[in-house]
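As a basis for the values below, the full set of heavy atoms in this structure was taken, side chains included, without hydrogen atoms, waters or symmetry mates. A, B, ... follow the sequence lines: proteins, then strands. Residue 1 opens every chain.
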There are 2 protein chains.
Amino acid sequence: MTVSHSTPALEFDAPETVLNALRSSGLRVSTARRIVVHTLFAARGPLGAEEIATGLDGRRPQLDVASVYRNLETLERLGAVRHLHVGHGPGRYVLAGSGEREYLACDRCGELVEVDPGELDGVRAEIRERFGHEVRFTHFPIVGRCANCRQGGG
Amino acid sequence: MTVSHSTPALEFDAPETVLNALRSSGLRVSTARRIVVHTLFAARGPLGAEEIATGLDGRRPQLDVASVYRNLETLERLGAVRHLHVGHGPGRYVLAGSGEREYLACDRCGELVEVDPGELDGVRAEIRERFGHEVRFTHFPIVGRCANCRQGGG
DNA sequence: ATACTTGCAAATGATTTGCCAGTGT
DNA sequence: ACACTGGCAAATCATTTGCAAGTAT
């Protein structure tokens, strides 16, 4: 897009956007943070802290996990990152981008589907009516058996 | 009910029912198992392994947690017990009774609501139509903010 | 130069496992 | 008696924290 945008509230759409947010908060832009941010931008979905520490290719231990966790927490406080818990596995982190994202996971194949905005509004409304709870499947996704796995799929 | 029942498939409705299931499976009815089973029957909801080990009153360490976990697993294999994961906390175990139960949890006050059978059929149907996933909120409950907590309630 | 950051080790919390002594059948 | 169980300690996994050394500003 060639549209001139006047710095929309908080749109972390590129690595620099996030790094600038760090600077603006008086925090430092360290090598470790660059790596965490770039790794998240290079990912195609939520990543575990271990994956970030090891690098997407799983080869080199680019960072200590402890540092990864500390930085992910810092980035979450800035609103640039969020995380979710899929089944039993470790927490998984994603760039917050322009907003929250809801997920649907398969408890057999582990597939994690990102739900389009609004697609769960009906579900949300029904649950709110019946129980009064306001639900959001952003931090704890809906867990079920996907169509493929349901039919014995492998 | 005073209805004469001809041993309905698997209805674990009393401590002895479960203990008999153990015997029938060639497993032993040990003191530890009696305690686990009785504690679960005495509970008003899903319990953590630690609570079972310590006793509902939290006083005496009646059993070693390791034994509790081992026995809970055994009981789950028998179909007498099942467990769920609420938010970040430890796993929580319940008697399976006559069937599965779905839950709804509040991420603020921690309240765990047992959903009446069928109450989530609409939700289930909608999710299945849209995504093809067959969902069941028995192992991973729906997480949200309950009505009371939503309005600043405390 | 100074405060923020990092790596490494040790601590936590939940759950599992090895091992040998104890016990249900 | 004998195999199944229990307690206790040690191991695992994910995550956090303490601390001294390193670095961004």
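The CG atom of Asp64(B) sits 15 Å away from the P atom of dT17(C) (whole-angstrom rounding). Across the protein-nucleic acid pair, Leu27(B) atom CG and dG6(D) atom C1' stand 15 Å apart, rounded to whole Å. Rounding to whole angstrom units, CD1 of residue Ile52(A) and P of dA14(D) are separated by 14 Å. Summarising the geometry, the separation between NE2 on His85(B) and C1' on dG13(C) is reported as 15 Å, rounded to the nearest angstrom. One interatomic measurement links the two molecules: OH of Tyr69(A) to P of dT6(C), which rounds to 16 Å at whole-angstrom precision. To the nearest angstrom, P of dA14(D) lies 11 Å from CD of Glu51(A).
Taking atom P on both nucleotides, dG7(C) is separated from dC13(D) by 22 Å, rounded to a whole Å.
Heavy atoms of Gly91(A) sit under 4.0 angstrom from primed sugar atoms or phosphate atoms, though from no base atom. Using a 4.0 Å heavy-atom distance criterion, Ser30(B) is classed as a sugar-phosphate-only contact. At the heavy-atom level, Val65(B) lies nowhere under 4.0 Å from the strands shown. Ala32(A) comes within 4.0 angstrom of the backbone, heavy atoms only, and of no base. Contacts of Ala49(A) with the nucleic acid, taken as non-hydrogen atoms under 4.0 Å apart, are absent. Among the atoms of the strands shown, only primed sugar atoms or phosphate atoms (P, OP1, OP2) are found under 4.0 Å from some heavy atom of Arg33(B).
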